[in-house]
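All remarks here apply to the structure that follows.
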Amino acid sequence: MFKEINLRNHSSLHKLFYSLEFLKAAILFVIQLCCSTINFLIFMVIAYLIMSQWDHVNLGNLFLLLAAFVVLSGVFVYWGMRLASKIFKFSTTTLTLVEYYIQWSLIYVTVYQAIFSNIKHITSITNFIRVGNFLDPNLFVVAILPSFISVWIAVILYKKSIKAI
């Protein structure tokens, strides 16, 4: 009987621990996102100040500048994580969940962008399809990507239940 009670308590403790992993990952993700956004704002101000001070300096290729800012911000956030890891231990499960949150957010933003960039052009999705636009990539984004997120969530929850992550 005591073993049975211990197993039940052990199981409920595991459930609590795993539910906290999702919360810890969400908090870490939000903190990283805030730090990265602050980095980008600082980088943009520095770029603006440099351009306003010297006439011969211009932005050049915005894509390359953004890529440099992305890498630089990533390095800064990494250094922040290294410092924070001395106080808070980041498990591989937490870090994996942060990666999933990032990917889910990117997919969601893509769907959001596809829907609202075309809202002025179509009054309903049925009219959009009737006109012959069923091969439009935006329609695929709106119809398929949410399904990807749903399947992904199901796989992750299943992997958590079998303790694969």
Are [Y] and [X] co-members of a hydrophobic cluster defined by side-chain heavy atoms under 4.5 Å apart?
| X | Y | value |
| --- | --- | --- |
| F40 | W79 | yes |
| L49 | I46 | no |
| F69 | Y48 | no |
| V30 | I102 | no |

Return the OG to CD1 distance between S36 and I31, rounded to the nearest 0.5 Å.
13.5 Å
If I take atom CG from residue L20 and atom OG1 from residue T93, how far apart are they, to the nearest 0.5 angstrom?
12.5 Å
Using side-chain heavy atoms (C-beta onward) and a distance below 4.5 Å, is Y100 in contact with F22?
no
Is any side-chain heavy atom of N39 closer than 4.5 Å to a side-chain heavy atom of L72?
no
[X] side-chain N/O to [Y] backbone N/O, donor-acceptor pair under 3.5 Å:
| X | Y | answer |
| --- | --- | --- |
| T37 | L33 | yes |
| Y101 | L28 | no |
| K86 | R82 | no |

Considering all heavy atoms of both residues, which atom of M81 and which atom of F90 are nearest to each other, and what is their separation?
O-CE1, 3.6 Å
With a 6.0 Å cut-off (strictly less than), is the heavy-atom count around OH of Y112, excluding the residue itself, greater than 12?
no
Out of the candidates L97, V98, T94, only one should pair with F29 under the side chain to side chain contact (heavy atoms under 4.5 Å, CB included) rule; please name it.
V98
